[in-house]
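Have a look at the structure below before the remarks.
Along the sequence shown, residues are numbered consecutively beginning with 1.
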Amino acid sequence: MIIKITKPIKKQTNVRRWLLGAAVSLWGIMAGSSVFAEPSALKPPEMLSYTDLDVSAGEVFEHGMNQISYAGIQGDQVVVHSIGAYGQIKEEISFPKQELEYIAEFHHAQDKGYIAGGGSQILKVSEKGQKEWGYALQKADSYIASVDQLKNGKYAAAMDVPGSTSNSRLLHWILFSEAGKVLHEGDLEGVAFDRIHSLQHTSDGGFVVSGSEYQDGEKGHVVLAKFTPSGQVKWKQSIAVADDSQNVDVLSIAEANDGSIVAAGYYNHPNPNDPIRYLTTGYALSVDHSGMLQWTSVLDSTFDRSMANDIQPASDGGFIATGKVNEDWHGTVSRQWVWGISPDGVTNWSKVINRANYNAGEFVQPLQNGQTLLIGTADGSYKLMKLDAAGRQN
């Protein structure tokens with residue numbers, strides 16, 4: 001693989017990396033240019049297991065400590081399952097969905113209960129599934145994009161509401177007490193969102209919100225906004241993934257071990273070989289604890305059309321991402337892709353999984369022992385995979 005990297009020095013610029021293959025080859029690092037160095041010291045991890053997973057459309061996943069959980073509405077019940085580090089699956093609980101229309105996000109709560117949100121509703125239940133409180137969003141043409149519990153036990157929710165200009169959206173956020181009382185709410189000024197993706201708590205007690213916006217006409221930008229525990233804006237950042245990025249989307253965010261924030265997704269951009277069909281390219285990027293861009297990694301055009309669906313911090317201090325590559329124009333063929341990234345954005349390894357016509361990586365959960373749980377799809381059916389730790393080359 002040949003990697004081109006451009007790192008920000010004193011101003012916020014992009015670090016571009018071109019990944020030309022899943023096999024081990026050469027990579028280069030140099031500020032503002034590219035050079036060649038020795039091959040990566042890690043080889044891709046081996047597949048340990050690949051099994052069917054009974055997940056229905058509309059169910060959502062949650063990252064956990066050495067496990068994955070997923071929840072969905074079945075009839076009038078919310079049903080929660082968990083997947084352990086060894087791949088064992090069990091039903092944790094089911095409880096009445098109350099007024100929930102659908103689930104956009106759910107989490108285990110600190111009191112061993114659960115919180116879920118979606119549509120116009122938020123529902124908090126106890127460990128036994130009994131309703132403790134709920135919230136109904138009363139704003140027209142608005143919905144709850146994300147909800148999470150903060151380190152101090154309070155809850156924060158991100159609402160997608162109409163903006164002041166045509167087709168724009170506004171981030172409206174609310175802080176709740178542990179008992180569901182609205183403590184504080186506000187709007188993020190100065191950003192006309194195209195889409196609000198998610199809200200996630202951070203280790204300093206605050207939270208970060210991700211989304212996308214358009215600037216300079218039709219140029220898409222990733223938006224990250226960091227808030228204090230009391231809901232004050234600490235910083236906000238708008239990042240162009242590439243010089244020709246259009247229709248950018250954020251599909252995953254995570255906090256790294258050092259407090260930095262990583263995001264992953266895709267962007268559309270002009271196709272030099274076809275003026276009508278735009279290309280889709282996956283990316284990952286990192287900002288430090290102050291919001292300053294650290295690096296951006298973009299998949300090479302040999303992987304188009306590509307997309308990064310999830311990224312998470314790994315036990316070695318780096319990151320693991322998953323998604324799909326080489327999707328055809330009809331959406332009938334693609335390959336699942338897994339990517340090991342060092343803390344400074346350098347590719348350690350990459351792996352392609354191709355078991356059916358259409359393969360895609362949806363969710364990744366690094367384990368404390370260096371192994372990884374993956375959830376993907378193969379021709380529309382969900383699959384649970386386990387990868388061994390990446391190994392050193394001889």
Side-chain angles (χ1 to χ4, degrees), residues 19 22 42-53 55 59-71 81-89 105-107 197-198 200 210 249-257 260-266 282-286 297 299 303 306-325 334-343 345-355 359-378 381-391:
L19 180 60
L42 293 176
K43 64 180 180 179
E46 298 293 331
M47 179 85 73
L48 298 178
S49 62
Y50 185 95
T51 58
D52 293 333
L53 180 63
V55 174
E59 296 195 65
V60 297
F61 298 97
E62 179 197 32
H63 296 101
M65 181 62 69
N66 259 15
Q67 72 169 27
I68 297 171
S69 299
Y70 57 99
H81 290 84
S82 63
I83 305 172
Y86 296 100
Q88 69 275 25
I89 302 170
E105 189 165 12
F106 98 102
H107 292 285
H197 174 256
S198 67
Q200 180 174 308
S210 64
D249 208 349
V250 182
L251 300 179
S252 177
I253 59 171
E255 183 181 19
N257 299 329
S260 61
I261 303 296
V262 290
Y266 70 90
Y283 73 86
L285 62 83
S286 170
S297 183
L299 286 179
F303 278 156
S306 62
M307 182 179 296
N309 287 325
D310 193 23
I311 188 168
Q312 286 295 300
S315 59
D316 63 0
F319 311 94
I320 300 179
T322 192
K324 60 183 177 181
V325 296
S334 73
R335 303 188 298 166
Q336 182 175 348
W337 161 76
V338 193
W339 188 13
I341 310 171
S342 71
V346 174
T347 295
N348 284 334
W349 54 263
S350 65
K351 185 180 184 70
V352 169
I353 300 170
N354 200 34
R355 297 291 186 95
N359 307 267
E362 304 291 344
F363 200 82
V364 58
Q365 179 62 59
L367 303 175
Q368 290 178 324
N369 64 2
Q371 297 177 342
T372 303
L373 292 177
L374 289 172
I375 292 176
T377 57
S381 298
Y382 278 91
K383 304 294 180 180
L384 173 63
M385 290 150 273
K386 189 173 186 180
L387 300 182
D388 201 356

Taking it one step at a time, do E46 and L387 satisfy side chain to side chain contact (heavy atoms under 4.5 Å, CB included)? CA-CA 6 Å; E46 298 293 331; L387 300 182; over 6 Å; no
Tell me, with the steps shown, if M307 and W337 meet side chain to side chain contact (heavy atoms under 4.5 Å, CB included). CA-CA 9 Å; M307 182 179 296; W337 161 76; over 6 Å; no
Give the intermediate values and the outcome of side chain to side chain contact (heavy atoms under 4.5 Å, CB included) for residues Q200 and H63. CA-CA 11 Å; Q200 180 174 308; H63 296 101; over 6 Å; no
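Side-chain contact check for S381 versus D52: every heavy-atom pair is 4.5 Å or farther apart. Between L373 and M385 the shortest side-chain heavy-atom distance does not fall below 4.5 Å. Taking 4.5 Å as the limit, some side-chain heavy atom of I89 sits within range of a side-chain heavy atom of L53.
A donor-acceptor contact shorter than 3.5 Å links the side chain of Q88 to the backbone of Y86. Looking only at distances, a side-chain donor or acceptor of Q365 sits under 3.5 Å from a matching main-chain atom of G64. In terms of modelled atom types and a separation under 3.5 Å, the side chain of K386 and the main chain of Q371 share no donor-acceptor contact. Side-chain atoms of S306 come within 3.5 Å of backbone N or O of G282 as a donor-acceptor pair. With hydrogens and angles disregarded, no donor-acceptor distance shorter than 3.5 Å links the side chain of T377 to the backbone of Y382. Within the 3.5 Å criterion, the main-chain N or O of N348 finds no donor-acceptor partner in the side chain of S342. Within the 3.5 Å criterion, the main-chain N or O of L374 finds no donor-acceptor partner in the side chain of K383. With hydrogens and angles ignored, the 3.5 Å screen pairs a side-chain donor or acceptor of D310 with a backbone N or O of V364.
The CG atom of L299 sits 5.0 Å away from the CH2 atom of W339 when rounded to the nearest 0.5 Å. Here S69 contributes atom OG and F61 contributes atom CZ; the two are 10.5 Å apart, rounded to the nearest 0.5 Å. The NE2 atom of H197 sits 7.5 Å away from the CD1 atom of I253 when rounded to the nearest 0.5 Å. We find the CZ-OG distance between F319 and S260 to be 5.0 Å, quoted to the nearest 0.5 Å. In this structure, CD1 in I375 is found 9.0 Å from CD in E362, a value given to the nearest 0.5 Å. Note that the CZ atom of R355 and the CZ atom of R335 stand 14.0 Å from one another [nearest 0.5 Å].
The two residues N257 and G317 make their nearest non-hydrogen contact at ND2-CA, 3.5 Å. A314 and P366 make their closest contact through CA-CB, 4.0 Å (heavy atoms, listed as atom of the first residue, atom of the second, distance). P313 approaches A254 most closely through the heavy-atom pair CD-CB, 3.8 Å. Summarising the geometry of G361 relative to Q336, their closest heavy-atom pair is N-CG, 3.3 Å, with the distance given to 0.1 Å. Here the closest heavy-atom approach between residue K324 and residue N359 is recorded as CB-O, 3.9 Å. Residue S286 comes nearest to V262 through the heavy atom pair CB-CG1, 3.9 Å, listed as atom of the first residue, atom of the second, then distance.
Under the 30°/60° scheme for interplanar angles, the aromatic rings of H81 and Y70 are found to lie parallel.
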